[in-house]
Amino acid sequence: AAVTDVITFADGALAGATQTVVVTIVDDAVVEGDEYLSMQLSNLATTISGVSVPTGLTFSVDKAETKITDNDEAYISIVGNSVSEESGTAQITVRSTNLAGDTPVEIDRPVSVLLTVEEAAIGNTALAGVDFTASAGTEIIILAGTTETTFDIPLNGDMIVEGDETIDVSIGTVVGSTGTLNSADVFDGVQSATVTLIDDDISLVTIGATSGAEGDGSIALPIIISKAMDEDIKINVSTADITNEATSGTDYTAVNTTITIPANTVGTTTALIAVNVIDNLVGGKSLVEASEDFNASISSLDKFNLAIDADVSIGAAATSTVTILDDDFSVLSIDDITFDETNVDADVQITISLTNPVDGAVDFELSTIANGNAISSATPHVSGHSDFTSFTGSPFTINAEDLALLSAATVTIHGDNVVELDETFSLRINQLSSSGLDVRLSNGIASTQLDALVTIEDAVAPDLAVISI
């Protein structure tokens, strides 16, 4: 504020006498350059007997300036930041502070710096154009009367596990936007800093349950990666038997190996490892058996890049079940019979067989069916004669891994010496049971019964017959 004061030279003051005017200077913490204080003399007068009387004198110099030298200093520094890569922007700050950097210092006019945002020179750098938007020579301004300004770096979030990444930010030499700052008042502070993009992606590696046909020769194991990684990783894959299920060496070839999951693999992949399955043979023929299970597990995750060490792990599904689907089947058949009749009864063997051995008993019932002109013992001729002994629902079993009945099945044909036509009846298989294993009747997969034709050929020569009247 302006100051007015009266300066008085005492009566009798000698030439060269001086008077001092004290102006109080307020010390502030604002960097403002040197300032000038103007002093003006006016109203020159003398006083006689208490009365002011003009003297006719004039000032030789009535105006002067006093320089106030600013002793404040400011240091312009850039401050980095750490943000999630999904934040959208990373804000950096340019500050005006004291030398120690712990106290803000105001500047009375705008100050500009040129900002550069670029890939980090060392370490796990973020990629310009991929992870962030680079810039060079961007002017940012600390406004007059303030102590800092900010700048937002655009970020591009992703779903890739890549570890924390860094961006280098730097500022050039401080420039006063308007006016002139004392070159000794404003200094370059911290000229470069780092922005860390915190990778918040986490990837879990698991193994999925799967199945495959025994006849395919192998089953690919599904390895599941929840999020892609920017580096290869290795995991151990092993198999183990399940009690009363598949057995290594018999049903499949055991695995205990390390595989590499290539960078940027995501989702389910079945291209990394497969387990060979074995077709069980009995007597050179494929054994029909139930589906069998074994376990497949992953362990020992090996991450080459320490930056992603905490972000990749084996998930809860580290062990899963692999099912070997048996695609073999066996066909049950019964042969037709042609028997040359004699004049005595005969037990005729019935041939029933399987095309492939079965890993369990095959049960069925066998009956005679009077569907031809042969006379059944169940409904004999009035004379008491019949051509075969009937039976209904007789149970039979083909034992596990056998191809035929252990003891022969027979049907009794009654002989006679009557000249007659050939006679027929049928044998019928039904009530087939194979404990869920794939056993089919030879007349079709959907059939529930199977018939065989029995033909009794008359052995009495017609020319031996005697016709009487």
For this session: Check the pair I298, I223 against side chain to side chain contact (heavy atoms under 4.5 Å, CB included), reporting the backbone distance first and the verdict last.
Result: CA-CA 9 Å; I298 56 175; I223 306 299; 4.2 Å; yes
For this session: Would you check, one step at a time, whether the test side chain to side chain contact (heavy atoms under 4.5 Å, CB included) holds for D131 with I167?
Result: CA-CA 10 Å; D131 299 306; I167 302 170; over 6 Å; no
Exercise. Please walk me through it: do Y252 and D241 pass side chain to side chain contact (heavy atoms under 4.5 Å, CB included)?
Worked result: CA-CA 10 Å; Y252 70 97; D241 292 351; 2.4 Å; yes
Problem set entry | Worked verdict on N124 versus E165 for side-chain hydrogen bond (donor to acceptor under 3.5 Å, both in side chains) | CA-CA 5 Å; N124 189 32; E165 299 173 306; 4.7 Å; no
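Between the side chains of S112 and E139, at least one donor-acceptor pair of N or O atoms lies under 3.5 Å. Side-chain N/O atoms of D293 and T321 include no donor and acceptor closer than 3.5 Å. Between S426 and D451, the side chains place no donor N or O within less than 3.5 Å of an acceptor N or O (distance only, hydrogens not considered). For D200 and S84, the side-chain atoms include at least one donor-acceptor pair closer than 3.5 Å. A side-chain N or O of N280 and one of D251 form a donor-acceptor pair less than 3.5 Å apart.
Pairing each heavy atom of A126 with each of F132, the nearest pair is O-CE2, 3.6 Å. Of all heavy-atom pairs spanning A400 and D359, the tightest one is CB-C, 4.3 Å. The two residues Q191 and I76 have their closest heavy-atom pair at OE1-O, 3.7 Å. Scanning both residues, P357 and V282, for their nearest heavy atoms gives CG-CB, 3.7 Å. The shortest heavy-atom contact between S320 and G208 is OG-O, 2.9 Å. Closest approach of D311 and D201 over heavy atoms only: CB-O, 3.5 Å.
Here OG1 of T355 is found 9.5 Å from CZ of R440. Values are rounded to the nearest 0.5 Å. Distance CG/L143 to CZ/R109: 14.0 Å, rounded to 0.5 Å. Remark: L432 CG to F364 CZ distance equals 8.5 Å, nearest 0.5 Å. Of the inter-residue distances, the one linking S135 atom OG with I153 atom CD1 reads 7.0 Å to the nearest 0.5 angstrom. Here the OG1-CD distance, from T323 to E292, works out to 10.0 Å after rounding to the nearest 0.5 Å. Rounded to the nearest 0.5 Å, atoms CD1 (I273) and OG (S218) are 11.0 Å apart.
Exactly one residue among T196, L197, T194, T166 makes a side-chain contact (heavy atoms from CB on, under 4.5 Å) with S82. That residue is T196. The only option from T319, N256, N236 that meets the side chain to side chain donor-acceptor pair (under 3.5 Å) definition with S297 turns out to be T319. Screening D326, L287, V288 for a side-chain contact (heavy atoms from CB on, under 4.5 Å) involving L437 leaves a single residue, V288.
Proximity of a side-chain donor or acceptor of N399 to a complementary backbone N or O of D402 within less than 3.5 Å is not detected. Although no hydrogens or angles enter the test, the distance criterion places a donor-acceptor pair under 3.5 Å between the side chain of S96 and the main chain of V105. Using a distance-only test at 3.5 Å, with no hydrogens or angles considered, no donor-acceptor pair links the side chain of N443 to the main chain of L450. Judged purely by atom type and a 3.5 angstrom limit, D199 has no side-chain atom pairing as donor or acceptor with the backbone of D164. Although no hydrogens or angles enter the test, the distance criterion places no donor-acceptor pair under 3.5 Å between the side chain of N430 and the main chain of G393.
For the pair T210 and T270, the minimum side-chain heavy-atom distance is 4.5 Å or more. Using a 4.5 Å heavy-atom cutoff, the side chains of V312 and K227 are not in contact.
Under the side-chain contact (heavy atoms from CB on, under 4.5 Å) criterion, T133 pairs with P154, sequence neighbours left out.
Using a 4.0 Å cut-off between charged nitrogen and carboxylate oxygen, D232 and K234 do not count as a salt-bridge pair.
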